[in-house]
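So you know, we letter chains A, B, ... as the sequences are listed, proteins then strands, and number each from 1.
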2 protein chains.
Amino acid sequence: MKAGNPSSKRKPQAVRPPGRPAGRTLRDGVLADRETLLTAAERLIREAGTGVSLEAIATEAGVTKPILYRGVGDRHALVYALAERLAQRMAVEVERDVAAASSTEDALRRLVAGYLQHARAERNLYLYVTAGVTGDGQLEQSLLLADRTAQQFAAGIAAFRSTHGADPEVATVWSFGLVGALHYVTLWWLREETADQAVVTEHLTDLLWSGMKLEPAGGPKAD
Amino acid sequence: MKAGNPSSKRKPQAVRPPGRPAGRTLRDGVLADRETLLTAAERLIREAGTGVSLEAIATEAGVTKPILYRGVGDRHALVYALAERLAQRMAVEVERDVAAASSTEDALRRLVAGYLQHARAERNLYLYVTAGVTGDGQLEQSLLLADRTAQQFAAGIAAFRSTHGADPEVATVWSFGLVGALHYVTLWWLREETADQAVVTEHLTDLLWSGMKLEPAGGPKAD
DNA sequence: ATTTTTAATTACTCATGGTAGATTCGGTGG
DNA sequence: CCACCGAATCTACCATGAGTAATTAAAAAT
């Protein structure tokens, strides 16, 4: 049509292949919704590891970078969104297991086991999300998954401890401590392929439950 | 040894005079030893934050990038070296406090308090070192400081628990759990400027000592 | 049918990690 | 004494990736 005359083009040096049209093609932003983009990101990270670029993610989603940016924001926002989704899924699955617990200690054990299990199942995604971002928002980033997870614990712990007269801030501290312990043991466990999950679960549960107390009520059961 | 003479710091100019030299000038790799480079890196990170580039670090040290690479290796190696130094310093200071403890629980409390204290004093450096590196060596990186710190705990815990017949792997798991809890609570505390260090210390100590046990020996002491 | 608006692609800028090639200095042999 | 060679260093470059403009085509409006 009218675009056949490039004489007034301002970029004469940029020659693009004749068969490759620039600009708007089909696919009118219909399947570029946030959910689709995030799902594609998860898919690629799962199979290609944590080193994927935003461009690669966009390509995986069948879109280009600006579309990805419009849909989910910058890298920080992407990691945040993925963290929320992963935390949500983990929470649902873990809570289902925890619901069947026979005691509070058993609930903790199921929580630990479920966390380890899910982290390994989603290894790459878990690492991608917890890796954080080096830079300014780093502090925020590191606490991203922790915040999300800790909120859930906080409510439980607060309720759990409310009958004992503890001040509410203890719930927050304990939540982050719990998440940190879980996370670091998980990282170690993901690295050490040899350690048995059941044993690790038992030890970590033991730590969190009875602490370093010299004389636990029932004696140390880890052996 | 470190007859450091940083007063004669030399900044590379962007433009060089016509007959004037690229290539070798004076300074025959004498003050570009590893220690000097690492110290300069620490200095810059402390004052400029965690977002400093390797080029900036090299400039701070009065050298150029290749010299920095020859001295300490790539970014990964730099972070690793800084982590070791920081962990070493923290360990020394904390252990001095712990040595004066009146009981095992008091030792743990002093450990927690010292960790928090030092982390805040070295805030930027602590964040830089614990941030890790996104990419392939990510898992290694995340566990960097943890490894270093956990080894020290492991020995103590192993000895501590050996009289109770626990298997040795429990020491490792507990170490990483302990470090993870410390780290995440520290991150949270560094973000929340409001929380009082003494209170946080008490809560975290409480968690690690008596765990989530329903009935701690003396009731909750967080008041 | 022509113009305007919208939305997508391309292509760029900028910053940074890492490296190679150019360049000079200091010693050593002729 | 002079030239050359090895060693060490600086400049300049490459590669990659985040983020954003400039460009272009399709769809809606007139």
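Nearest heavy atom pair, residue B:Leu78 against residue B:Ala41, reads CD1-CB, 4.2 Å.
Checking D:dC10, C:dG17, D:dG19 against the side-chain heavy atoms of A:Asp74 singles out D:dG19 as nearest. Considering only the side chain of A:Leu54, D:dG19 comes nearest among D:dT9, D:dG19, C:dT19. Of the candidates D:dA18, D:dT9, C:dA8, the closest approach to any side-chain atom of B:Ile67 belongs to D:dT9. The side chain of B:Pro66 sits closest to D:dT11 out of D:dA18, D:dT11, C:dG17.
In this structure, the CZ atom of A:Arg75 is 12 Å from the C1' atom of D:dG19, given to the nearest Å. Straight-line distance from the OH atom of A:Tyr69 to the P atom of C:dT13: 17 Å, rounded to whole Å. Going from atom NE2 of A:His76 over to atom C1' of D:dG19 covers 15 Å, rounded to whole Å. Regarding A:Arg70, its CZ atom lies at a distance of 17 Å from the C1' atom of D:dA21, rounded to whole Å. Protein atom CD of B:Glu55 is 12 Å distant from nucleotide atom C1' of D:dC13, rounded to whole Å. D:dG17 atom C1' lies 15 Å from atom CG of A:Leu44, rounded to whole Å. For the pair B:Lys65 NZ and C:dG21 P, the computed distance is 16 Å after rounding to whole Å. Atom-to-atom, CD1 of B:Ile57 to C1' of C:dG18 comes out at 14 Å; the value is rounded to the nearest Å.
With rounding to the nearest 0.5 angstrom, the CG atom of A:Leu38 is 9.5 Å from the CD1 atom of A:Ile45. A distance of 9.0 Å separates CD of B:Glu169 from CD of A:Glu192, quoted to the nearest 0.5 Å. Once rounded to the nearest 0.5 Å, the distance linking OG1 of B:Thr201 with CZ of B:Arg109 reads 9.0 Å.
Between its two ends, the helix from C:dA1-D:dT30 to C:dG30-D:dC1 turns its axis by 40°, counting five pairs per end and rounding to 10 degrees.
Ring-centre distance between B:His203 and A:Phe176: not below the 6.0 Å cut-off.
One finds no side-chain N or O of A:Thr64 lying less than 4.0 angstrom from the OP1 or OP2 phosphate oxygen of C:dA8.
Using a 4.0 Å cut-off between charged nitrogen and carboxylate oxygen, A:Arg89 and A:Glu84 do not count as a salt-bridge pair. Looking at A:Glu35 and A:Arg85, a side-chain N of the basic residue comes within less than 4.0 Å of a carboxylate O on the acidic one, giving a salt bridge.
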